[in-house]
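Index from 1, following the sequence.
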Amino acid sequence: MVEATRHTAARATLNGLMTWLGEAGLHAAASSAGLRAAVDQHAAAVRDALGDPERGPSVVALAGYATGVRDTLIEAEWQLPPVAELDWAKAEWPTLRLVAVCALARSAGYL
């Protein structure tokens with residue numbers, strides 16, 4: 001039961017991230033080879049950071065990673081501009097990292 005609750009909470013976290021940022025970022029990456037490559041590089045780094053680069057991270061690990069990035073950004077007082085106003089060609093590291101988490105979650109079937 002505890003494990004099921006953790007998975008449900010993790011999926012909710014990833015769904016929220018996808019709604020807020022991921023959909024727009026992945027849509028932009030689909031039409032930009034440079035952005036797509038940057039997201040792919042960040043996804044590889046996340047897989048490596050969370051272990052098991054071949055199978056990929058679990059839903060709980062991905063959600064925890066995304067939450068950690070978010071919390072670090074809050075502490076640093078970094079703010080993402082409204083997603084509708086983002087210049088994806090100049091996307092910063094945190095934006096790319098969070099979109100990469102969404103790409104991993106989608107490819108793993110967590111979303």
Side-chain angles (χ1 to χ4, degrees):
M1 175 105 161
V2 171
E3 191 65 22
T5 301
R6 287 176 32 156
H7 281 243
T8 299
R11 285 180 190 272
T13 296
L14 293 173
N15 276 318
L17 178 60
M18 181 63 89
T19 299
W20 169 61
L21 180 66
E23 291 292 348
L26 294 174
H27 179 74
S31 60
S32 168
L35 180 58
R36 185 171 42 252
V39 170
D40 288 347
Q41 288 175 345
H42 279 268
V46 171
R47 276 193 309 269
D48 289 346
L50 296 177
D52 200 354
E54 289 183 25
R55 288 184 34 216
S58 71
V59 66
V60 173
L62 271 179
Y65 186 89
T67 300
V69 170
R70 182 205 61 206
D71 291 350
T72 299
L73 296 174
I74 290 169
E75 287 177 21
E77 298 181 5
W78 185 86
Q79 291 187 356
L80 180 72
V83 174
E85 297 174 15
L86 271 172
D87 180 353
W88 288 103
K90 296 178 182 175
E92 296 181 65
W93 184 96
T95 305
L96 295 170
R97 192 55 63 116
L98 292 172
V99 171
V101 168
C102 291
L104 288 169
R106 177 173 277 169
S107 69
Y110 300 146
L111 300 173

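Residue P57 comes nearest to R47 through the heavy atom pair CD-CG, 3.8 Å, listed as atom of the first residue, atom of the second, then distance. Nearest heavy atom pair, residue Y110 against residue R11, reads O-NH1, 2.9 Å. The minimum heavy-atom distance between L14 and A105, with the atom names listed, is CD1-CB, 3.9 Å. The two residues G25 and W88 have their closest heavy-atom pair at CA-CH2, 3.3 Å. Shortest non-hydrogen contact noted between A61 and S58 is N-OG, 3.0 Å. The heavy-atom pair separating A100 from A43 by the smallest distance is CB-N, 3.4 Å.
Without hydrogens or angle criteria, S32 side chain to A28 main chain gives no donor-acceptor distance under 3.5 Å. Checked by atom type and distance alone, the side chain of T95 never pairs as donor or acceptor with a backbone atom of A91 at under 3.5 Å.
Around atom CD of Q79, no more than 12 heavy atoms belonging to other residues, nucleotides or ligands sit under 6.0 Å away. For CZ of R36, the number of neighbouring non-hydrogen atoms (other residues, nucleotides, ligands) closer than 6.0 Å is greater than 12.
Ion pairing between R106 and E23 holds under the 4.0 Å rule for side-chain N and carboxylate O.
From R70, atom CZ reaches atom CH2 of W20 across 9.5 Å, with rounding to the nearest 0.5 Å. To the nearest 0.5 angstrom, E3 atom CD is 10.0 Å from T8 atom OG1.
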Checklist entry - Does the pair L80 and L73 meet the rule for a side-chain contact (heavy atoms from CB on, under 4.5 Å), with working shown? => result CA-CA 9 Å; L80 180 72; L73 296 174; over 6 Å; no
Next on the checklist: Checking T72 against W78 for the side-chain contact (heavy atoms from CB on, under 4.5 Å) test, could you report, in this order, the C-alpha distance in whole Å, the side-chain angles of both residues, the deciding distance, and whether it holds?
Outcome noted: CA-CA 9 Å; T72 299; W78 185 86; over 6 Å; no
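Two residues are said to be in side-chain contact when any heavy atoms from C-beta on lie closer than 4.5 Å; M18 and L26 meet this criterion. When side chains are defined from C-beta on, L86 counts as touching L21, because their heavy atoms get closer than 4.5 Å. Inter-residue side-chain proximity for V60 and H7 is flagged as met; some heavy-atom pair is nearer than 4.5 Å. The side-chain heavy atoms of L35 and L96, taken from C-beta on, include a pair separated by under 4.5 Å.
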